[in-house]
Amino acid sequence: CGLQLGGRFARKLSLTSRLGTLNMAETQKDKTTRALATYASLTRAVHALDEMLDRQCEGFGLTPSQFRVLEHLFTFGPMATGELAGRIMFGESTISVVTRNLASAGLVARRAHETDGRKAIVDLTRKGRELIGKILPKRAKVLRAKMCALGKREEENLGRLCLKLADGDPVRFMLEMTAVDDDGEG
């Protein structure tokens, strides 16, 4: 090839050639398409897992919401309904209905807070502890079986990537939100 290149361009071309790829700028449209496809894939994966786990809950006579409450109380012990709602991302009215139904089934006990009568403390009953104690190992087995589609490293990477996505990067987020789109819109 008789083409002579000099300066920074030649150094960049030389570096990218050694890496086996040219560094082409990605458009906002490319980023959007990739983000939407990734979101769709994540949604499909979570939906497939949720469907399977929801059917398992139903087999024990529980709704997914009831299971989440029992699991959380089993793991963290008794707590006020407001705190429980915040931890499992339920609204106050939802947590009230779910814990009332669980209490009616004899799976949890609700009592007034010792110092604040406006708050209710929820705890597992013996029956609730026994039920969640039966469900959790079966649930873990289902998840283990479903995750076997991934290798150990893939599963570890997926976990790290999900945490990274959940935590986010506020600086990069703001830069992306304020970037001008390909169509000139901000």
Task: Results of ring-ring contact (aromatic ring centres under 6.0 Å, His included) for Phe76 - residues two or more places apart only - done: His72

TODO: With rounding to the nearest 0.5 Å, note down the distance linking CD1 in Ile132 to OG1 in Thr75.
DONE: 8.0 Å

- [ ] Please report the C-alpha distance between Lys134 and Glu130 in whole Å, then the side-chain angles of each, then the deciding distance to 0.1 Å, and finally whether the salt bridge (Lys or Arg N to Asp or Glu O under 4.0 Å) criterion is met.
- [x] CA-CA 6 Å; Lys134 277 189 229 173; Glu130 287 172 3; over 6 Å; no

- [ ] Please assess Leu102 against Leu62 for the test side chain to side chain contact (heavy atoms under 4.5 Å, CB included), listing each intermediate value before the final yes or no.
- [x] CA-CA 9 Å; Leu102 287 169; Leu62 296 173; 4.2 Å; yes

TODO: Could I get the full list of side-chain hydrogen bond (donor to acceptor under 3.5 Å, both in side chains) partners for Arg129, not counting sequence neighbours?
DONE: none

Task: Minimum heavy-atom distance between Ser96 and Arg110, given as atom pair plus value - done: O-NH1, 3.9 Å

Task: Cation-pi, Phe67 ring and Arg139 (6.0 angstrom, 45 degrees) - done: yes

Task: Connected via hydrophobic side-chain network under 4.5 Å: Met52 and Met147 - done: yes

Task: Heavy atoms from other residues, nucleotides or ligands near NZ of Lys31 exceed 12 (cutoff 6.0 Å) - done: yes

- [ ] Working to the nearest 0.5 Å, report the span between CG of Leu70 and OG1 of Thr99.
- [x] 10.5 Å

Task: Atom of Thr125, atom of Val108 and distance for their closest heavy-atom approach - done: CG2-C, 3.5 Å

Open item on the list: Check for me, please, whether Leu150 and Leu143 land in the same ILVMFWY cluster - side-chain distances under 4.5 Å, paths through other members count.
Closed with: yes

Open item on the list: Nearest 0.5 Å, please: how far is CZ in Arg111 from CG in Asp123?
Closed with: 6.5 Å

Open item on the list: Let me check something: do Ile95 and Phe74 share a hydrophobic cluster, defined by ILVMFWY side-chain heavy atoms less than 4.5 Å apart, either directly or through other members?
Closed with: yes

Task: Cys57 to Pro64 - nearest heavy-atom pair and separation - done: SG-CA, 4.3 Å

Task: Counterpart residues, side-chain hydrogen bond (donor to acceptor under 3.5 Å, both in side chains), relative to Asp30 (two or more places apart) - done: Thr27

Task: Ile88 backbone acceptor or donor facing Arg68 side chain under 3.5 Å - done: yes

Open item on the list: Tell me if the CZ atom of Arg160 is crowded by more than 12 foreign heavy atoms within 6.0 Å.
Closed with: yes

TODO: Rounded to the nearest 0.5 Å, what's the gap from CG on Leu84 to CD on Glu92? Could you check?
DONE: 10.0 Å

Open item on the list: A side-chain contact here means heavy atoms from C-beta on lying under 4.5 Å apart; do Leu49 and Val142 qualify?
Closed with: no

Open item on the list: For Val69, run the side-chain contact (heavy atoms from CB on, under 4.5 Å) check against Thr81, Leu124, Val98 and tell me which one passes.
Closed with: Val98

Task: Rounded distance (nearest 0.5 Å) linking atom CD of Glu154 with atom CG of Leu161 - done: 11.5 Å

Task: Glu176/Arg172 salt bridge by N-O under 4.0 Å criterion - done: no

Task: In one Ile/Leu/Val/Met/Phe/Trp/Tyr side-chain cluster, 4.5 Å: Leu53, Leu73 - done: no

TODO: Search all heavy atoms of Gln66 against all heavy atoms of Gly61 and return the closest pair with its distance.
DONE: OE1-O, 4.1 Å

- [ ] Give a yes or no on whether Glu114 atom CD has more than 12 heavy-atom contacts from other residues, nucleotides or ligands under 6.0 Å away.
- [x] no

TODO: Examine distances only and state if a side-chain atom of Gln56 and a backbone atom of Lys138 form a donor-acceptor pair shorter than 3.5 Å.
DONE: yes

